[in-house]
There are 2 protein chains.
Amino acid sequence: MDLRHISFRLLEVFMSVVKTGSISETARRLHLTQPTVSLQIKRLQEAVDEPLVIMQQQKLHVTEAGHELFRTCQRVFGHFDDYNDFLAELKGGERGRCKIAMVNTAQYILPKLLGPYSNLHPHVELPLEIGNRAEVLARFERGEDDIYVFSHPPSLEHAKAARFLQNPLEFIVPTDHPLANQQHVELSELVKYRFLLREPGSATRMLFESELQRRGLVLSNSVQMASNEAIRVAVSSGMGIGVLSRHVLPIGDHGFKVLTVSDASLASHWYFVIRTDRHIAHAARSFLQFAEYNLERYLDAHWVRNELYVLNLS
Amino acid sequence: MDLRHISFRLLEVFMSVVKTGSISETARRLHLTQPTVSLQIKRLQEAVDEPLVIMQQQKLHVTEAGHELFRTCQRVFGHFDDYNDFLAELKGGERGRCKIAMVNTAQYILPKLLGPYSNLHPHVELPLEIGNRAEVLARFERGEDDIYVFSHPPSLEHAKAARFLQNPLEFIVPTDHPLANQQHVELSELVKYRFLLREPGSATRMLFESELQRRGLVLSNSVQMASNEAIRVAVSSGMGIGVLSRHVLPIGDHGFKVLTVSDASLASHWYFVIRTDRHIAHAARSFLQFAEYNLERYLDAHWVRNELYVLNLS
DNA sequence: GTTAGTTATAGGTTATTATCTATGGGCTGA
DNA sequence: TCAGCCCATAGATAATAACCTATAACTAAC
């Protein structure tokens, strides 16, 4: 049989004929005329090259070939029904994939939203990509993900960014550091000591360095380290001073002390970024909507800065 | 999604695009131009109202919706492949149904063909209908079966009949009957005794009675019985003379004796009858072809009269 | 920076499909 | 016997599907 000359409409009509056992009745139900249905069946039989129904004693009898075709149609339409269900869930954001790329530091924040979201929407896949700022930026350029999380606003074309959380930076020193017990320290005092910093592209470092530049200060000595954890551990073991997002600092005593720097309050923001030159994936919209409504609930409300409305979700 | 605007061709093209990961390559393989394929995919996406593939970095990426549709298509085409296999078997006579209606007496003959045929073609259903001549004739009129077996040529419209076996009639008498030991008996002698006969419509009786009429003879005494078996048993117990097809007589001694009637040799033929106003079912053709080639093998070759060629099978 | 490969879009042609109305013929049951 | 069902067929039309060519725009590689 030649599938090319068979349409779904044709099969629908055929199924109705088998179900009702009548061409006229089918015509009535499908709001067609009797000759139309008659002709459709004829065409279908030509495509199959085998009689599907035969008139016998004024009644329509379905042949073996017809019965088997009917069963085949049932299965086929069943699969399309399943696909429609799938589509509905996909479009409703209940299913599908929302790929999120984030800079390293965001690892400490995003899971607080992702966990509850994932529990509510178990069929949504949430693959995470974590890299340094340059890597995530490259992913954005290539459009590899649905949502990007940065702590420094990337002013790019085809992008919409929305703040959702403040990102205060803290200076930490070893507990035995000369400055550890001073009530108030000034930035100019700090720069005399050795600093442990992330790579040049990182948002934390950029923010810190632009502040130094603004104030005309220069670091006397700095060591580059690959991760926030490495810096934390290095500070605890006395290697120098670290500058870290408050969100990555564990609560309680961990062998370092947070300084109160009187003349420098460094803070950036966390942003959700999406591309505007693509349609946003349903699951991604679903996640961002969830975030918009639940930021205060799952993140430290004190730092939340909910500006997700700029993304025009909904 | 609206199935009405989706054709199988469209899905075929889509599947090729997913498989090759390229619109141009698909165009080449399916002997289409690239814009054609491009447009088809666009139309399919409109019907589904959801992107199925997206261009990213000069490469085609299949979305979740696309993947799921692809899987759906695989299943759907799988079902149609199965149906095609079914159709092929049906058309080859390897599958399907061949409904045969036969008069009572044929029960003794047809199984000899049906058994071997059924072993060779295990997927062919062979429902049998058995009745007296009138009943089978009525079934023929209504076209309820694929093949009819008669022993008297029904000269009907829309029918083709082909002889395949002689049907000699024999006179049987109880072993203690006055005629039982006579070498030669004449018909005029016989009619003085009581006869056991089938109902008026039966072929055996019709043949016998027309012979009597031709010869100007009249039965003095006859009793009607409903089946060949009943007649056989009745003859054995001395009730009278029977006229039966030779094919229904068991071999060996069974309490009756076959007469040699010198001036009457009654014989009709067995016929396969099919309607000419319907397409013959593939399985029916298959069975008749089998019969045409194997009559001599499975029936008593002495009585075979193979004229099945008149049915124009093959 | 030119070439070669990709996809997308515009515009047009042809074949097919999906319908319709009108009509004819066959049964059935009043 | 005739009305009232059924299905089949003929003939016509409007929509659309399935293609094409030409062209534009983008990117990767030489």
Side-chain angles (χ1 to χ4, degrees), chain A residues 2-14 16-18 20-48 51-63 66 138 141-144 157-158 277-279, chain B residues 2-18 20-48 51-63 66 138 141-144 157-158 275 277-279:
Chain A
D2 193 358
L3 273 183
R4 260 170 250 196
H5 299 140
I6 297 179
S7 67
F8 287 101
R9 178 62 170 161
L10 217 49
L11 296 179
E12 254 172 36
V13 171
F14 169 69
S16 173
V17 168
V18 172
T20 63
S22 154
I23 289 188
S24 298
E25 179 58 25
T26 293
R28 267 176 249 121
R29 291 200 191 180
L30 302 186
H31 306 293
L32 296 170
T33 61
Q34 170 267 315
T36 299
V37 177
S38 218
L39 213 63
Q40 303 269 44
I41 297 298
K42 195 179 170 192
R43 287 209 306 115
L44 185 58
Q45 291 184 149
E46 276 162 15
V48 172
L52 300 171
V53 293
I54 47 175
M55 288 300 300
Q56 197 170 290
Q57 297 301 105
Q58 226 52 20
K59 286 199 64 180
L60 222 55
H61 287 254
V62 182
T63 64
E141 289 295 346
R142 291 193 296 269
E144 291 183 32
E157 274 192 294
H158 311 308
D277 57 349
R278 287 212 211 311
H279 275 163
Chain B
D2 192 358
L3 272 183
R4 259 170 251 196
H5 298 141
I6 296 180
S7 68
F8 287 101
R9 179 60 170 163
L10 218 48
L11 296 179
E12 251 172 39
V13 171
F14 169 69
M15 287 188 78
S16 173
V17 168
V18 172
T20 62
S22 154
I23 288 188
S24 298
E25 180 57 24
T26 293
R28 268 176 246 121
R29 291 199 191 182
L30 302 186
H31 307 293
L32 296 170
T33 60
Q34 169 268 315
T36 298
V37 177
S38 218
L39 214 62
Q40 303 270 43
I41 297 299
K42 196 180 170 192
R43 285 208 306 117
L44 185 58
Q45 291 185 147
E46 276 162 15
V48 172
L52 300 170
V53 292
I54 46 174
M55 288 299 300
Q56 196 170 289
Q57 298 302 105
Q58 221 58 15
K59 284 199 66 180
L60 221 55
H61 287 253
V62 181
T63 64
E141 289 295 345
R142 291 193 298 267
E144 292 186 28
E157 275 191 294
H158 311 309
R275 297 190 64 115
D277 58 348
R278 289 212 210 307
H279 274 162

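All values reported here derive from a predicted model rather than from experimental measurement. All heavy atoms count here, side chains included; hydrogens, waters and symmetry mates do not.
Judged by distance alone, with hydrogens and angles left aside, the side-chain atoms of B/Glu144 form no donor-acceptor pair with the main-chain N or O of A/Gln56 at under 3.5 Å. Listed for the B/Gln40 side chain is no donor-acceptor partner under 3.5 Å among the backbone atoms of B/Leu10. Judged purely by atom type and a 3.5 angstrom limit, A/Glu25 has no side-chain atom pairing as donor or acceptor with the backbone of A/Ser16.
Between A/Thr36 and A/Gln58, the one whose closest nucleotide on DNA chain D sits nearer the 5' end is A/Gln58. Annotation: of the two residues near DNA chain D, A/Arg4 and A/Gly21, the 5′-most nearest-nucleotide partner is A/Gly21. Comparing A/Gln34 and A/Ser7 along DNA chain C, the residue whose closest nucleotide (by nearest heavy atom) sits nearer the 5' end is A/Ser7.
Atom OG in B/Ser24 sits 5.0 Å away from atom CD in B/Gln34 (nearest 0.5 Å). In this structure, CZ on B/Arg9 lies 5.0 Å from CG on B/Leu32, to the nearest 0.5 angstrom. Atoms CD1 and NZ, on B/Ile23 and B/Lys42 in that order, are 11.5 Å from each other to the nearest 0.5 Å. Taken to the nearest 0.5 Å, the CD atom of A/Gln58 stands 14.5 Å off from the CZ atom of B/Arg142. To the nearest 0.5 Å, atom NE2 of residue B/His279 and atom OG1 of residue A/Thr63 are 13.0 Å apart.
The interatomic distance linking B/Ile6 (CD1) with D/dA17 (P) rounds to 11 Å, in whole Å. The interatomic distance linking A/Leu60 (CG) with D/dC7 (P) rounds to 6 Å, in whole Å. At whole-Å resolution of the value, NE2 in A/His61 and P in D/dC7 are 12 Å apart. Taking atom NE2 of A/His5 as the reference point, atom P of D/dA17 lies 15 Å away to the nearest angstrom. Protein atom CD of B/Gln56 is 15 Å distant from nucleotide atom C1' of D/dT27, rounded to whole Å. The NZ atom of A/Lys59 sits 14 Å away from the C1' atom of D/dC5 (whole-angstrom rounding). Distance, A/Ile41 CD1 to D/dA8 P: 9 Å, rounded to whole Å. One atom, CE of B/Met55, and another, P of D/dC26, lie 13 Å apart when rounded to the nearest Å.
Protein chain A contacts DNA chain C over a range whose 5' and 3' limits, counting nucleotides with an atom under 4.0 angstrom from a non-hydrogen atom, are C/dT17 to C/dC27.
Contact check on B/Arg43 versus B/Glu46 returns no salt bridge, with no Lys/Arg side-chain nitrogen under 4.0 Å from an Asp/Glu carboxylate oxygen.
Looking at heavy-atom distances under 4.0 Å, A/Lys42 makes contact with sugar-phosphate atoms alone, never a base.
Residues from residues 23-33 of chain B with heavy atoms under 4.0 angstrom of DNA chain D, sorted by number: B/His31, B/Leu32, B/Thr33.
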